[in-house]
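Taking it in order: structure first as structure tokens, then the write-up.
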Amino acid sequence: MARKAKARTERAQGMSPARRVGASSRTITSAEIIATGVVNLVKNTLVTTLSGARDVGSEVGEAAAAAVRGSIRAAEQIGGDLGSVAKQAVKGTVHAMEAIGGDLGPVVHAVSKGAVKAANDVGGDVAVVARKAVEGTIEAARETGADVGSLATGAAKGAIEAADRIGSAAGRTVRAALSGTIGGTRVIVQEALQRSRPVPPRVPRQRKKRKIAPTAR
């Protein structure tokens with residue numbers, strides 16, 4: 001028995017941070033969410049898994065997104081409010097990054113993107129989850145003293161990218177959900193919407209044929 005436990009530990013140590021969080025997030029249960037709370041559950045999962053890692057920055061976004069997806073899947077099983085879970089999971093991620101250290105911008109982008117994708121996978125309302133993810137980002141940024149504007153922009157862009165991959169209808173719905181004031185932040189989110197819209201392809205200009213004057217005979 002001890003030998004098997006040691007083997008499992010060695011295999012876990014050989015995994016990347018993102019894979020370790022992904023493995024643990026798949027075992028998140030509804031009971032854990034109720035007992036611990038989503039903020040603390042996600043924060044503790046990330047801090048425990050990523051602390052001491054050699055290269056936290058390279059995979060932390062993927063790891064955080066995995067934790068958020070696990071929370072949303074667990075909440076869906078008990079008929080929980082997916083929007084609220086997404087919001088709290090994003091807040092837990094930001095607080096974990098404050099403890100671990102690292103660039104928050106790419107992380108909130110990946111987390112909001114993962115939240116929208118997870119909501120779609122379980123049949124949830126992607127627009128509500130997208131808006132709540134941005135709300136959670138704004139609240140956590142204020143609580144930790146981070147740059148509210150840039151993080152809100154990153155979260156909005158991540159949500160829109162995920163929605164666009166789901167389909168054009170989802171993309172329009174999420175854009176509409178993020179077009180109003182969110183937690184007192186309006187202009188920054190609008191800029192995210194504008195920058196995320198696909199740029200129409202440039203049509204090359206056709207050269208006009210030069211008229212050749214007839215030669216005199």
Side-chain angles (χ1 to χ4, degrees), residues 17-18 21 38-40 42-43 45-47 49-51 53 55-69 71-72 83-119 126-166 170-199:
V21 173
V38 179
V39 173
N40 290 328
V42 171
K43 177 183 176 181
T45 299
L46 293 175
V47 171
T49 307
L50 299 176
S51 292
D55 189 7
V56 174
S58 63
E59 295 189 47
V60 68
E62 183 181 347
V68 172
R69 289 195 298 268
S71 299
I72 289 177
S84 178
V85 170
K87 178 179 178 177
Q88 300 303 315
V90 171
K91 293 183 69 172
T93 300
V94 174
H95 284 287
M97 290 304 299
E98 182 190 26
I100 299 169
D103 188 357
L104 273 172
V107 174
V108 297
H109 179 278
V111 167
S112 61
K113 188 174 182 178
V116 170
K117 182 181 183 302
V126 293
V128 170
V129 168
R131 188 175 179 87
K132 289 295 184 179
V134 176
E135 281 184 12
T137 300
I138 292 170
E139 287 185 12
R142 287 174 178 158
E143 292 168 359
T144 58
D147 187 333
V148 175
S150 64
L151 292 187
T153 301
K157 289 178 68 176
I160 291 168
E161 286 180 17
D164 283 341
R165 290 191 176 186
I166 294 169
R172 289 192 299 270
T173 302
V174 168
R175 280 184 170 83
L178 300 180
S179 62
T181 300
I182 301 177
T185 302
R186 180 182 179 85
V187 176
I188 300 299
V189 174
Q190 287 284 31
E191 290 176 358
L193 297 175
Q194 292 167 3
R195 285 201 294 268
S196 297
R197 289 193 179 106
V199 179

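Residues take their numbers from the sequence shown, with the count starting at 1.
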Which residues pass the side-chain hydrogen bond (donor to acceptor under 3.5 Å, both in side chains) test with E139, not counting sequence neighbours? K87, K91

What do the steps show when you test T137 against S112 for side chain to side chain contact (heavy atoms under 4.5 Å, CB included), and what is the final call? CA-CA 9 Å; T137 300; S112 61; 5.6 Å; no

With sequence neighbours excluded, what pairs up with A141 under the side-chain contact (heavy atoms from CB on, under 4.5 Å) test? A146, V148, L151

With V129 via side-chain contact (heavy atoms from CB on, under 4.5 Å) - residues at least two apart: L82, A86, A115, A119

Listed once per pair and sorted, the salt bridge (charged side-chain N to carboxylate O under 4.0 Å, His left out) pairs that draw on residues 101-110, sequence neighbours left out: none

Could you tell me which non-hydrogen atom of V126 sits nearest to which non-hydrogen atom of A170, and how far apart they are? CG2-CB, 4.5 Å

Is there side-chain contact between I166 and V174, with at least one heavy-atom pair below 4.5 Å? no

Between G154 and V108, the two heavy atoms sitting closest are C-CG2, 4.5 Å

Atom of K117, atom of A162 and distance for their closest heavy-atom approach: N-CB, 4.4 Å

Do you know which two heavy atoms are closest between V107 and A64, and how far apart they sit? CG1-CB, 4.1 Å

For the student: nearest non-hydrogen atoms of A67 and L46, plus distance: CB-CD2, 4.3 Å

Separation between OG1 of T45 and NZ of K43, rounded to the nearest 0.5 Å: 12.0 Å

Run the salt-bridge test on D164 and K157 with the 4.0 Å N-O cut-off and return the result as yes or no. no

In terms of heavy-atom contacts, A127 and T173 come closest through CB-CG2, 3.5 Å

For R165, give me all partners under side-chain contact (heavy atoms from CB on, under 4.5 Å), at least two apart in sequence or on another chain. K113

Using distance only, find each side-chain donor-acceptor pair of residues 92-102 under 3.5 Å and give its atom names and separation, not counting sequence neighbours.
{"from": "T93", "atom 1": "OG1", "to": "A89", "atom 2": "O", "distance (Å)": "2.9"}
{"from": "H95", "atom 1": "NE2", "to": "E143", "atom 2": "OE1", "distance (Å)": "2.8"}

Distance in Å, I72 CD1 paired with R69 CZ, rounded so as to fall on 0.5 Å steps: 9.5 Å

